[in-house]
Amino acid sequence: MKRGGLRAMQRACAAVATVAAMLATVPAEAVTRLSFSGVVDSVSAGYAIPGIDVGDAITGSLLYDPTVADGQPLNWIGYYPGAITGFSATMGALSFTQYTAQSPNSEIDVINDDFVAGLYRDDLYFRVAVAEAATPDVVRFLQLSFSVAGATRPDVLVDDSLPADFDPLAFSLRRGFITVLPPGASQGNNFVLNSVEVAPVPEPRMALLMLAGLPLLWLGARLHERRRRPAASSPTRPG
C-alpha cells in the first residue's frame with residue numbers, strides 16, 4: 001500500500017476509534033415520537049384560543065420517554081409527570097412549542113378501569129403545557145386523548161403501564177383540544193385526529209455508529225477510484 005493510502009487508512013481508523021470512545025460515554029435513551037394530524041371540529045365559548053377556527057388543519061408531533069416511573073400508586077391509574085420531552089404543532093395559522101419555563105410541564109395518564117360495570121374504558125392522555133410563537137409567555141394547555149369506551153378490548157392497555165409504542169387504531173376515540181390554563185374542562189378548540197403515527201426514535205448510539213461508518217465509506221471510495229485510474233506512463237529516457 002502506498003504511503004498516501006496508508007495515511008488515509010490511519011485517519012479512517014482514528015475516526016472510528018474516536019466515535020467508539022464517544023459511544024462508551026453516551027447513555028442509552030428510550031424516546032418515542034408521536035406524530036398527528038387532524039382538523040378542528042368545534043370551539044367552546046370561553047375556552048377557545050383566538051386564531052384557531054373550525055375547519056382549520058392541525059399537524060404536530062411530540063416526543064415522550066416510555067421509561068418514566070409511575071407516580072400514582074393505584075394499579076389502574078398511571079401518572080407519568082414530565083414524560084413528554086418535546087412538542088411542536090401548527091394549528092391554523094398559529095405555531096406552538098412546549099412551554100419550558102415551568103416544570104413539570106407535561107404528563108401522560110393511563111386509565112385502565114376494566115372492572116367498572118363490566119365495560120372496558122381504557123384511556124391514554126398526553127397533556128402538555130404549550131406556548132404560541134407570537135406570545136411565548138402565554139401558557140396554553142393541550143391534550144391528546146385516545147379512548148376505548150364500552151368495548152371489550154382488554155389488550156389495548158396493559159394495567160397502568162405506559163406503552164413504549166401503541167396502535168392508535170385500537171382506540172375508538174382519537175381526539176384533542178387546546179385551551180387556557182388551568183384546563184377546567186375538556187373544552188376549547190376541539191379537534192378530531194385523522195392520522196396518528198407512533199414510532200421509536202433511533203438512539204444516539206445508532207447515530208454515532210452511522211457516523212463511524214462514514215470514514216470507511218470514504219476510504220473505500222478513494223481506493224476504488226485509485227484502482228480504476230489508469231497508471232501514468234513513465235517518461236522515456238533519452239537514447
Side-chain angles (χ1 to χ4, degrees), residues 22-23 26-40 52 56-71 78-92 94-112 122-133 136 139-148 155-178 189-213:
M22 294 172 63
L23 283 173
V26 174
E29 296 180 2
V31 179
T32 299
R33 181 186 304 276
L34 186 155
S35 302
F36 60 92
S37 63
V39 61
V40 177
I52 307 176
D56 284 350
I58 288 178
T59 60
S61 66
L62 60 83
L63 301 176
Y64 73 93
D65 182 358
T67 66
V68 172
D70 185 1
Y79 169 63
Y80 302 90
I84 299 175
T85 58
F87 175 88
S88 64
T90 299
M91 307 181 190
L94 305 182
S95 299
F96 293 87
T97 57
Q98 189 168 6
Y99 184 74
T100 58
Q102 68 182 43
S103 180
N105 55 14
S106 68
E107 67 181 64
I108 300 178
D109 299 314
V110 178
I111 302 176
N112 187 0
D122 294 343
D123 300 288
L124 181 60
Y125 300 128
F126 294 83
R127 295 168 171 156
V128 58
V130 300
E132 206 274 322
V139 189
R140 308 297 189 186
F141 176 85
L142 181 136
Q143 175 175 303
L144 302 181
S145 302
F146 301 88
S147 303
V148 176
D155 60 330
V156 173
L157 294 175
V158 179
D159 53 58
D160 62 351
S161 300
L162 179 59
D165 52 26
F166 66 97
D167 181 8
L169 295 179
F171 294 84
S172 56
L173 299 175
R174 298 178 297 276
R175 297 190 57 82
F177 69 87
I178 182 170
N189 300 73
N190 309 302
F191 51 89
V192 58
L193 296 175
N194 298 325
S195 175
V196 182
E197 296 180 357
V198 181
V201 177
E203 297 180 0
R205 293 174 182 267
M206 182 62 66
L208 289 175
L209 283 173
M210 295 174 64
L211 289 176

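Only this structure's heavy atoms are used, side chains among them; waters, hydrogens and symmetry mates stay out. Throughout, numbering of the chain's residues begins at 1 and tracks the sequence.
One distance of note links CZ of F177 with OG of S145; it measures 6.5 Å at 0.5 Å rounding. Taking CG of D160 as the reference point, atom CG of D70 lies at 4.5 Å (rounded to 0.5 Å). Between the CG atom of D122 and the CG atom of N112 there is a distance of 4.0 Å, given to the nearest 0.5 Å. Here the straight-line distance linking atom CG of D56 with atom CG of N189 works out to 8.5 Å at 0.5 Å rounding. In this structure, CG in L144 is found 9.5 Å from CG in L124, a value given to the nearest 0.5 Å. Summarising the geometry, atom CD1 belonging to I108 is positioned 5.0 Å from atom CD1 belonging to I84; distances are rounded to the nearest 0.5 Å.
Residues N190 and R175 have side chains in contact (heavy-atom distance under 4.5 Å, counting atoms from C-beta outward). A 4.5 Å side-chain heavy-atom check between L193 and F146 finds at least one atom pair inside the cut-off. Residues L157 and F171 form a side-chain contact, since some pair of their non-hydrogen atoms from C-beta on lies under 4.5 Å apart.
Partner Y64 forms a ring pair (Phe, Tyr, Trp, His ring centres under 6.0 Å) with one of Y80, F166, F126 and no other, that one being F126.
Q98 places a side-chain N or O within 3.5 Å of a backbone atom of G86 that can act as its donor or acceptor partner. A donor-acceptor pair under 3.5 Å links the side-chain atoms of S172 to the main chain of S147, judged by distance alone. Not one N or O on the side chain of D109 forms a donor-acceptor pair closer than 3.5 Å with the backbone of Y125. Side-chain atoms of E132 come within 3.5 Å of backbone N or O of S95 as a donor-acceptor pair.
Among all heavy-atom pairs drawn from V68 and P81, the shortest one is CG1-O, 3.7 Å. The shortest heavy-atom contact between P66 and A30 is CD-O, 3.2 Å. Here the closest non-hydrogen pair linking S61 and F36 is N-CE2, 3.6 Å.
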F96 vs L142, side-chain contact (heavy atoms from CB on, under 4.5 Å): CA-CA, chis, key distance, verdict | CA-CA 10 Å; F96 293 87; L142 181 136; over 6 Å; no

Given side-chain contact (heavy atoms from CB on, under 4.5 Å), test F191 with I52 step by step and report yes or no.
-> CA-CA 10 Å; F191 51 89; I52 307 176; over 6 Å; no

